[in-house]
There are 2 protein chains.
Amino acid sequence: MSQTVDRALSILPLLAQGPADLGQVADRLGVHKSTALRLLRTLHEHGLVYRQQDQRYRLGARLFALAQEAVENLDIREIAHPHLAALNERIGHTIHLAVYEEGEVLYIDKVESRYPVRMYSRIGKPVAITVAAVAKLLLADLPEPERRALAGKLDYPPYTPRSTPNATAFLKELATVREQGWATDLGGHEESINCVGAPIRGADGRVVAAMSVSAPNVVVTAEELLSLLPQVRRTADAISREYSGTSPSKDSA
Amino acid sequence: MSQTVDRALSILPLLAQGPADLGQVADRLGVHKSTALRLLRTLHEHGLVYRQQDQRYRLGARLFALAQEAVENLDIREIAHPHLAALNERIGHTIHLAVYEEGEVLYIDKVESRYPVRMYSRIGKPVAITVAAVAKLLLADLPEPERRALAGKLDYPPYTPRSTPNATAFLKELATVREQGWATDLGGHEESINCVGAPIRGADGRVVAAMSVSAPNVVVTAEELLSLLPQVRRTADAISREYSGTSPSKDSA
DNA sequence: TCGATGCGTTGCGAAGGATGCAACAGTCAT
DNA sequence: ATGACTGTTGCATCCTTCGCAACGCATCGA
């Protein structure tokens, strides 16, 4: 809607592919060099773009700062984390927390068996949206038309023989997930990794996030992992209650 | 330099503090609601901003994607990682890799003892720039005026009794670090944590990155940690050589 | 040593786009 | 039902951005 801003923001994904010099940026944008220069300068002032010694531009540090702050301020994450940590304390496996946003699923928290570490390493990468347990949970709750549209647009990479093959199978799986209120990924992404997940719901019953427990099948069999389902669901429900209960009145300032 | 873009980008740090509605954004920017709306729409189209169900805006997922891609494309990181992993294999402690950028020091890689994990959790947060070994290494190599200016601007939080107290002490410490070619942080940030670090240099001899090994003093004493210094330096030098050697000719496309 | 080519940078007039206003629509609370 | 609030739209005005051309500067080759 705003041409100037639109152009400026188009520079970011362009630089995400790698550093580029002024001419390259101008060409890719289809604008004059001087225009590109002014846009880059503005981005630079805000720290979103950095100029390395060879004068080429690349993405800047402020970007990380923003992403960091953003994820820290997600109240679901804040509420969920203690619950995830407690569950992890008991069962010891890796636990993920994920949300859905505009056609993408992204992890916003993770608890590792050894120590609690917030690892955002998978953030931004195309999450295995067609197979991940958390993705199924989140997509299963989308309004019918949006769900159909999204399922049609997706790619269905055959990570393993057990991966979801196509939109039809995926929609069917989502229906199952919606019915039963939990989801699995049994070797659909990596042959040896199994997951079980449960949805976290807001006050209106809509799924606002999803959590899952993952473990390699050399450690626990799929059946053993499934036996943890009640605990996973209890945790998810506890988070749902707390999230629904406490009104989000942030009386700051 | 570009007013429109400047205003639009100013929205991002504002939203980083927490979700805000249209009116709040407009107020903080000092512009009319309709103007703020158009800017937010543009940000939204690029995925940098997300509109939650209560219509308030917050930072969007694309931001994570960009930050992720950006850090993945840092060639220093790519080159260094195998070396860091190898060193970690031998000595088992936590290893950090950091770079300097426009007054900030940020971690771009980390290897944990258990398994290699890229953890960007500290990115964006104010790194303990006045005490961290990697920070000293990076700042010690700055041009004199820039170093002085920066040292003057910094805060010197007394994390522990051993933290760097002020600019004078810091500049002196940096001089020492520059002389000896390595740095330590002995309980300057957290009482029980010690670090030793070494610089990674480009072809022109300038410090382009810094690495460090950290360990709690309940596991290894400061002396024991210091005895690892030769290995750390060898690793850093190996990275320097590889980084300088291979010309960065990315013959893509 | 000198000219040539390529890059980033600056100042300028023109015009295109962004701005703020005012009016509208929807929602919630009273 | 009525009021207040928030988000939204269309529009005329003016500011801001745009592309041009010329410049400074470095690198390269003769």
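Everything numeric here is computed off the predicted structure, so don't read it as measured data. Chain letters run A, B, ... following the sequence lines, proteins first, then strands; residues in each count from 1.
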Under 3.5 Å, which N/O atoms of the protein pair with N/O atoms of nucleotides 9-16 of chain C?
from: C:dT9; atom 1: OP1; to: A:R51; atom 2: NH1; distance (Å): 2.9
from: C:dT9; atom 1: OP2; to: A:R51; atom 2: NH1; distance (Å): 3.3
from: C:dT9; atom 1: OP2; to: A:R51; atom 2: NH2; distance (Å): 3.4
from: C:dT10; atom 1: OP2; to: A:R41; atom 2: NH2; distance (Å): 2.4

Practice task
Can you measure from CZ (A:R51) to CG (A:L43) and round to the nearest 0.5 angstrom?
Solution key: 12.5 Å
Fill in the blank from the handout: Smallest heavy-atom separation, B:V177 atom then B:A183 atom, equals CG2-CB, 3.8 Å
Exercise for the section: Decide, yes or no, whether a salt bridge links A:R206 with A:D204 under the criterion of side-chain N to carboxylate O below 4.0 Å. Expected result: no
Problem - Approximate separation, where rounding is to 0.5 Å, of B:D141 CG and B:Y100 OH - result: 11.0 Å
Exercise for the section: Quick one: pull up CG in B:L40 and CD1 in B:I11 and give me the separation to the nearest 0.5 Å. Expected result: 4.0 Å
Handout entry: 5'-most by nearest nucleotide on DNA chain C - A:G23 or A:T4
Key = A:G23
Practice task
Could you tell me whether B:E102 and A:R62 have a side-chain N and a carboxylate O separated by less than 4.0 Å?
Solution key: no
Problem - Whole-Å distance separating the CG atom of A:L40 from the P atom of D:dT17 - result: 15 Å
Show me the protein contacts with nucleotides 25-30 of chain C, counting only N or O atoms at under 3.5 Å.
none

Exercise for the section: Would you please confirm or rule out a distance under 4.0 Å between OP1 or OP2 of D:dG19 and any side-chain N or O of A:T35? Expected result: yes
Handout entry: Between P of D:dT16 and CG of B:L39, the distance in whole Å
Key = 14 Å
Handout entry: Rounded distance (Å) that lies between atom P of C:dG6 and atom CG of A:D27
Key = 14 Å
Handout entry: Straight-line distance of B:I239 CD1 to B:E242 CD, nearest 0.5 Å
Key = 8.5 Å
Practice task
Assign the ring pair B:Y156 / B:F170 to parallel, tilted or perpendicular, where the plane angle (0 to 90°) is split at 30° and 60°.
Solution key: perpendicular
Problem - Whole-Å distance separating the CE atom of A:M1 from the P atom of C:dA18 - result: 10 Å
Practice task
Let me know the distance between CG of A:D6 and P of D:dC18, rounded to the nearest Å.
Solution key: 11 Å
Handout entry: Salt bridge present between A:R148 and A:E144 (N-O < 4.0 angstrom)
Key = yes
Exercise for the section: To the nearest Å, give me how far apart CG (A:D54) and C1' (C:dG8) are. Expected result: 13 Å
